[in-house]
Every structure is written in structure tokens, then in C-alpha cells.
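The next block holds one structure in the form of C-alpha cells; read it before the comments.
Keep in mind that this is a model prediction, so the values were computed, not measured. Naming: A, B, ... by sequence-line order, numbering from 1 per chain.
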Protein chains: 2
Amino acid sequence: MSLHDQLRDIALAEFASAGYAATSLQRIADLAGTSKASVLYHYASKEQLLADAMAPALDELTAIVRGIGDVAADRGQRLAFLERFVDALLAHRQVVHLIVNQSATQQDVPAFARAQELMRELAAAFELAAGSTVEKLRYGIALAGAAYTLAASDLLGLEGPPDEEVRPALITVMRELLAPAPELKD
Amino acid sequence: MSLHDQLRDIALAEFASAGYAATSLQRIADLAGTSKASVLYHYASKEQLLADAMAPALDELTAIVRGIGDVAADRGQRLAFLERFVDALLAHRQVVHLIVNQSATQQDVPAFARAQELMRELAAAFELAAGSTVEKLRYGIALAGAAYTLAASDLLGLEGPPDEEVRPALITVMRELLAPAPELKD
DNA sequence: TCATGCGCTGACCGATCGGTCAAATACGCT
DNA sequence: AGCGTATTTGACCGATCGGTCAGCGCATGA
């Protein structure tokens with residue numbers, strides 16, 4: 001793998017685990033066994049390095065959200081969206097972690113602003129579909145909870161089960177949440 | 001209100017909205033109309049300022065988690081925990097935002113390390129209660145989703161309904177999630 | 001009146017940050 | 001070999017960071 005790609009992968013891992021602001025170009029260079037100046041040769045700036053590292057995941061998630069369809073009425077579309085969404089979360093854990101944990105407080109960084117805009121779009125799509133406060137919260141908890149649980153599972157000490165097991169479980173729980181209110185009594 | 005308390009409140013608001021690392025002592029001083037040196041007169045260090053600002057919320061949340069009881073078997077205890085937990089989330093939105101969004105990537109900061117430990121305790125309490133992967137995910141999504149949705153609602157553009165409306169809705173949704181699996185078919 | 005101590009400040013410190021630049025090196029092609 | 005391009009590097013820059021320090025004004029009380 002080229003140094004160019006290595007730097008991008010190393011940076012992504014560090015940004016996700018230690019934080020974008022807290023990760024210096026010097027540290028990325030050290031981890032890659034090169035110099036800070038060489039990092040800035042391959043990427044015009046630290047911001048650009050972040051943008052390049054997040055781009056594939058953001059592109060995929062954006063496509064999913066844009067093609068969300070009428071998630072309110074059509075149950076089939078809702079389920080299809082759910083599977084694509086969960087797969088994307090699983091495939092881009094590190095970027096999801098970045099989006100969930102750091103985009104809110106770094107909106108001056110272009111890539112994080114883009115991520116924030118994506119989340120706003122996603123919220124809007126479900127906002128329209130939601131009626132009562134309970135329903136809005138249900139969607140919010142489902143989407144945020146799924147993303148956050150996935151992103152935090154590594155850091156919180158508890159190493160999650162393999163993806164093959166997490167995927168169907170995640171879909172099951174989110175399906176319960178996104179289904180019309182079951183009106184269960186307790 | 002004394003300058004001492006003012007500084008703590010201003011710092012908390014800035015830490016939550018702009019991020020701990022991104023908030024300089026100079027900015028806190030400017031917002032308070034004083035000097036950076038005076039901030040460091042009232043608080044020995046930036047870390048101490050954060051610790052003091054987060055302490056009340058962390059104390060309360062810790063007490064709730066410690067006295068969680070047997071949340072697995074006793075439905076009454078589960079409900080009582082839920083209400084106390086939701087009330088604490090609502091009462092300390094800013095700190096919740098800090099815990100959820102920043103503690104993961106700043107574990108070298110004592111206050112964040114404490115927050116992370118608290119989250120680990122909470123996870124452990126439900127980890128023991130949980131069996132299958134689905135059940136674990138259900139708990140994770142409920143707790144993380146509730147905290148994150150609450151913390152992010154301000155930033156995501158959508159201003160939430162008043163607390164009197166959010167509180168019962170939040171309890172309802174979390175009750176559904178924490179209840180024994182309803183086994184609904186879709 | 002004068003000494004004490006609290007609140008506060010500007011000047012300053014060393015460290016680190018992201019980024020620039022010119023020079024050195026490596027390498028493919030004719 | 002000789003040339004042009006791509007890559008790499010260390011030295012350096014201005015800015016900003018958290019934190020230190022000597023000293024300021026001022027209220028209090030003996």
C-alpha cells in the first residue's frame with residue numbers, strides 16, 4: 001500500500017480513537033515512520049486529510065439518506081433503508097465514531113460540517129414522518145442509539161460480538177423502534 | 001452570583017457547545033469580562049475547572065447508578081431507576097453532552113476519565129442483566145440513544161419540546177426498550 | 001495610619017501546533 | 001550519463017496554548 005493511503009488509514013484510526021483536535025500531524029508522521037513535512041506533501045492540510053479519510057463513508061451514507069424514499073408509509077422501504085443503513089454503520093465504524101462523537105463540537109472543520117449536515121438531513125427525513133413527541137423520540141433514540149452503541153462499544157471496554165451476530169440483532173431492535181407504535185402496556 | 005460561579009457556568013456552556021479542547025482559557029475569560037490570569041486564580045488549572053463544572057452532575061449520576069438495585073428481575077426497581085435516570089439527564093443536559101460527546105476521546109483528562117468509568121459501571125449493570133446479543137443491544141440503544149438524542153437535540157437544529165413533554169415521552173420509549181422483549185412480529 | 005491579605009492583572013515562559021520553503025535525494029526515461 | 005519529476009527532509013515561522021509570577025489597587029481592621 002502506498003504511503004499516501006497508509007497515512008490516510010493511520011490518520012483515520014487516530015482521529016477516531018484520540019480525537020481530531022488531539023491528533024497532531026507529528027504523531028501521524030511518527031506512526032507512519034515518516035516526517036510531518038511529508039504528510040503535508042501528500043495532503044495539503046490536516047483538514048484535507050480528515051476530509052479524504054471520511055469521504056467514502058460520507059458519500060455512501062449520503063446516498064442512503066438521499067434515497068430514503070417514503071419511509072413513513074411504506075413498510076418495505078423502511079426495512080430496506082434499515083438494512084442498508086445498518087450495513088453502512090458496520091462498514092464504516094471509525095467514521096461513524098467520528099461523526100457521532102466529534103462533528104457536533106467541530107463544525108468549523110469542513111468535513112465535520114458535512115457530517116453534521118448529513119445528520120440534519122437524516123433527522124429531517126424522520127422528522128416529517130414523526131408525529132407525536134413520543135414518536136420523534138423513538139426515531140431519535142433508534143438512530144442515535146444504534147450509531148452510538150456501535151461506535152462506543154470498542155471504547156467502553158466491552159468488545160462486541162462479531163458483525164455477523166450484531167447485524168441481525170441491530171436490525172431487529174431498530175425494526176421494533178421504527179415500527180408503528182406497538183402500544184404495549186406495562 | 002460570584003465571579004467564581006460565573007466562570008464555572010460559562011466554562012461549562014462553552015465546553016459543551018464548542019468542546020473542551022477547543023475552548024481556551026482566554027475565551028472563557030473574555031466571555032466573563034475578566035482576564036485569563038484571574039480564571040487561573042479561581043481554578044488551579046483548566047482541568048480543575050472542568051472537574052468542578054462536571055462534579056454535581058457526575059455525583060448525582062454516580063449515586064443513581066450505584067443504587068441501581070436488581071434491575072434485571074424487579075420491574076418496580078427498573079421503573080424507579082428509569083425515572084431517576086431520565087430526570088438526571090434532563091437536569092444536567094450540558095454535562096450529559098460532555099460525557100457522551102467528549103469523554104471517549106479525552107480519557108487523559110481526569111473528569112472525562114471519571115465520566116467514562118461511570119458509563120462503564122452503567123454498562124456493566126445492564127450487561128449482567130442482559131442475555132442475548134439482541135437484549136444487550138436493546139439496553140445499549142436505550143441508554144445511549146436517550147442520552148445522545150437529548151444532548152444532540154439542541155445542536156442538530158431541532159429545538160426540542162419543553163421538558164414537561166419530553167420527560168414522559170422519554171420514559172415511555174425507554175420503558176418499551178427495557179421491558180422484557182415484547183416479541184412483536186412485523 | 002499603616003499593615004495584611006484578597007482579587008485581579010499584564011508581562012512573560014516553554015511547549016506545541018499547523019504550515020512553508022529551499023535544498024537534498026530517489027527514480028524513471030531518453 | 002544526463003535530465004526532469006516525484007518524494008522526502010530539517011530548519012524555520014507565526015500563532016496559540018496552559019500556566020507562572022511579581023506586583024497592582026483596595027477593603028478591612030488594629
Side-chain angles (χ1 to χ4, degrees), chain A residues 1-55 98 101-103 105-115, chain B residues 1-55 98 101-103 105-115:
Chain A
M1 186 170 41
S2 68
L3 177 59
H4 187 87
D5 294 347
Q6 264 189 54
L7 287 171
R8 196 197 47 223
D9 292 353
I10 290 174
L12 178 56
E14 280 299 299
F15 288 159
S17 66
Y20 172 73
T23 301
S24 64
L25 293 176
Q26 185 60 63
R27 170 155 179 79
I28 294 170
D30 289 347
L31 289 172
T34 183
S35 67
K36 184 180 68 168
S38 116
V39 176
L40 285 162
Y41 167 79
H42 288 281
Y43 297 89
S45 66
K46 191 185 178 187
E47 286 191 353
Q48 192 57 54
L49 177 51
L50 176 71
D52 281 19
M54 294 182 73
L98 274 166
N101 277 316
Q102 301 183 52
S103 70
T105 52
Q106 319 246 18
Q107 301 186 50
D108 51 315
V109 180
F112 283 136
R114 196 189 154 194
Chain B
M1 188 168 41
S2 67
L3 176 58
H4 187 86
D5 294 347
Q6 263 189 54
L7 287 171
R8 196 198 48 224
D9 292 353
I10 290 174
L12 178 55
E14 280 300 298
F15 288 158
S17 67
Y20 172 73
T23 300
S24 65
L25 293 176
Q26 186 61 62
R27 169 154 180 82
I28 295 169
D30 289 347
L31 290 172
T34 183
S35 67
K36 183 180 68 169
S38 113
V39 176
L40 286 163
Y41 168 78
H42 288 281
Y43 298 89
S45 67
K46 191 185 178 185
E47 286 191 353
Q48 192 57 55
L49 177 51
L50 176 72
D52 281 18
M54 293 181 74
L98 274 166
N101 277 314
Q102 302 183 51
S103 69
T105 51
Q106 319 246 18
Q107 301 186 51
D108 51 315
V109 180
F112 284 135
R114 198 190 151 193

Under 3.5 Å donor-acceptor, B/K36 side chain and B/S24 backbone: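 No; judged by distance alone, with no hydrogens or angles, the pair does not exist.
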Backbone N/O of A/Y20 and side chain of A/Q106: donor-acceptor pair under 3.5 Å: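 No; judged by distance alone, with no hydrogens or angles, the pair does not exist.
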Sugar-phosphate only, base, or nothing, as touched by B/L40 at under 4.0 Å among non-hydrogen atoms: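 Base: the residue B/L40, judged by heavy atoms under 4.0 Å, touches a nucleobase.
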Sugar-phosphate, base or nothing in reach of B/S2, heavy atoms under 4.0 Å: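 No contact at all - B/S2 keeps every heavy atom at 4.0 Å or more from the nucleic acid.
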How many whole angstroms separate atom [atom1] of [X] from atom [atom2] of [N]?
| X | N | atom1 | atom2 | value |
| --- | --- | --- | --- | --- |
| A/L50 | C/dG18 | CG | P | 12 Å |
| B/I28 | D/dG18 | CD1 | C1' | 11 Å |
| B/R27 | D/dG18 | CZ | P | 13 Å |
| A/L3 | D/dT7 | CG | P | 10 Å |
| B/Q26 | D/dA15 | CD | P | 15 Å |
| B/L25 | D/dC17 | CG | P | 9 Å |

Minimum-distance nucleotide to B/A37 side chain [options: D/dT20, C/dC6, D/dT9]: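 So the nucleotide nearest the side chain must be D/dT20.
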Nearest listed nucleotide, side chain of A/Y41, among D/dT8, D/dG19, C/dT20: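 Of the options given, the side chain of A/Y41 lies nearest D/dT8.
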Would you say [X] reaches [N]'s phosphate, i.e. side-chain N/O to OP1/OP2 under 4.0 Å?
| X | N | answer |
| --- | --- | --- |
| B/S38 | C/dT9 | yes |
| B/S24 | D/dC17 | yes |
| B/H42 | C/dC8 | yes |
| A/T34 | D/dT8 | no |

Along DNA chain C (nearest heavy atom to each residue), the more 5'-positioned of A/A44 and A/A22: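 Going by which nucleotide is closer to the 5' end, it is A/A22.
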Donor-acceptor pair (no angle test) under 3.5 Å: B/K46 side chain, D/dG19 base: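 Answer is no: no donor-acceptor pair is held.
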Heavy-atom side-chain contact between A/V109 and A/Q102 under 4.5 Å: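 The answer is no; the side chains never approach within 4.5 Å.
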Note, A/Q6 side chain near A/T34 side chain (heavy atom, < 4.5 Å):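 No, side chains not in contact.
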5′-ward residue of the pair A/V39/A/K36 relative to DNA chain D: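 That would be A/V39.
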Geometric cation-pi criterion B/K46 and B/F15, 6.0 Å radius, 45° cone: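 Ring-cation test returns no.
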